[in-house]
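Since the structure comes first, as structure tokens, the remarks are kept for the end.
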Amino acid sequence: MRWRDALVVPLLAALVVLQLSALPYVRLLPVTPQLALLAVLVWALHRGPEAGAFWGFAAGILTDLFAITPLGVSAVAMMATALLVAVLKRLLPPNRILIPMFLGGVGTFAYLLGSFLLLRLAGYDLPWSAPAAASPLILLHAVLILPAYWAVLALERLAGPRRVELS
């Protein structure tokens, strides 16, 4: 376990608290960005499926603690989303602009659809048209993922070990 991995839970807790306390008053579109989901998507893109699933579980449990939905719905949906995004990234050509934007939108849609289906299975009577109303959030996350993704790449370059090549 690296020192950065120890910061996962406090960072995600801070993002969830910020998301639930202050962000409902800051509207970029008719929706509020989900910071914990964005962090999970960025980490899955950057670190792969295992790290993304771990972050997804931690962020999902923290989100579920503050939600009125059954415990575990967000955790399962975020873990599945992180795995999907990380696997898709490996299949797509490398790109630091279009691929993160595309996968940010796909990941947000997958998370919302997964949460919707899990809630339907749990007995919640949600209208089948509910996932279609999520397009503003999908577009917002597709844009917001870029600065977060680039910031993680920059921090990794600064904090990570330098690659040494022998001539």
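For the atom pair CG of L23 and CG of L35, the computed distance is 5.0 Å after rounding to the nearest 0.5 Å. Taken from CG in D125 to CG in L119, the straight-line distance is 11.5 Å, to the nearest 0.5 Å. Atom-to-atom distance recorded for I145:CD1 and I97:CD1 is 13.5 Å, nearest 0.5 angstrom. For the atom pair CG (L103) and CG (L98), the distance works out to 10.5 Å, reported to the nearest 0.5 Å. Atom CD of Q19 and atom CG of L12 lie 10.5 Å apart (nearest 0.5 Å). Expressed to the nearest 0.5 Å, how far CG of L158 lies from CG of L153 amounts to 11.0 Å.
Taken together through direct or relayed side-chain contacts under 4.5 Å among Ile, Leu, Val, Met, Phe, Trp and Tyr, V106 and V76 form parts of separate hydrophobic clusters. Residues L11 and V152 share a single hydrophobic cluster, defined by chaining ILVMFWY side chains whose heavy atoms lie under 4.5 Å apart. No path of Ile, Leu, Val, Met, Phe, Trp and Tyr side chains, each step under 4.5 Å between heavy atoms, connects I99 with L83, placing them in separate hydrophobic clusters. By the criterion of side-chain heavy atoms lying less than 4.5 angstrom apart, applied directly or through intervening Ile, Leu, Val, Met, Phe, Trp or Tyr residues, F102 is grouped together with Y149 in one hydrophobic cluster. L18 and L62 fall within a single hydrophobic cluster, where Ile, Leu, Val, Met, Phe, Trp and Tyr are joined by side-chain heavy atoms under 4.5 Å apart, directly or via other members.
Looking at D64, its side chain never comes within 3.5 Å of a backbone N or O of T69 through a donor-acceptor pair.
Residue-environment remark: CZ (R96) stays at or below the threshold of 12 foreign heavy atoms within 6.0 Å. For CD1 of I68, the number of neighbouring non-hydrogen atoms (other residues, nucleotides, ligands) closer than 6.0 Å is 12 at most.
Annotation for G48 and A86: closest pair C-CB, 3.5 Å, computed over non-hydrogen atoms. The minimum heavy-atom distance linking L15 with A36 is given by the pair CB-N, 4.4 Å. Counting all heavy atoms, side chain and backbone alike, L84 lies closest to A110 at CD2-CB, 3.6 Å. Smallest separation of non-hydrogen atoms from A134 and L112: CB-CD1, 3.2 Å. When all heavy atoms are compared, the tightest approach of A53 to A82 is N-CB, 3.8 Å. Of all heavy-atom pairs between N95 and P100, the closest is O-CD, 3.3 Å.
With a 4.5 Å cut-off on side-chain heavy atoms, V42 and W55 do not count as touching. Between Y111 and S74 the shortest side-chain heavy-atom distance falls below 4.5 Å. The side-chain heavy atoms of F57 and M78, taken from C-beta on, include no pair separated by under 4.5 Å. In this structure the side chain of F109 never reaches within 4.5 angstrom of the side chain of S135, judged on heavy atoms. A heavy-atom distance below 4.5 Å is not found between the side chains of T81 and V40. Residues S115 and L118 have side chains not in contact (no heavy-atom distance under 4.5 Å, counting atoms from C-beta outward).
Taking F116 as the reference, W128 meet the ring-ring contact (aromatic ring centres under 6.0 Å, His included) condition, with sequence neighbours excluded. Scored by the side chain to side chain donor-acceptor pair (under 3.5 Å) test, T108 finds H141 as partners (sequence neighbours excluded).
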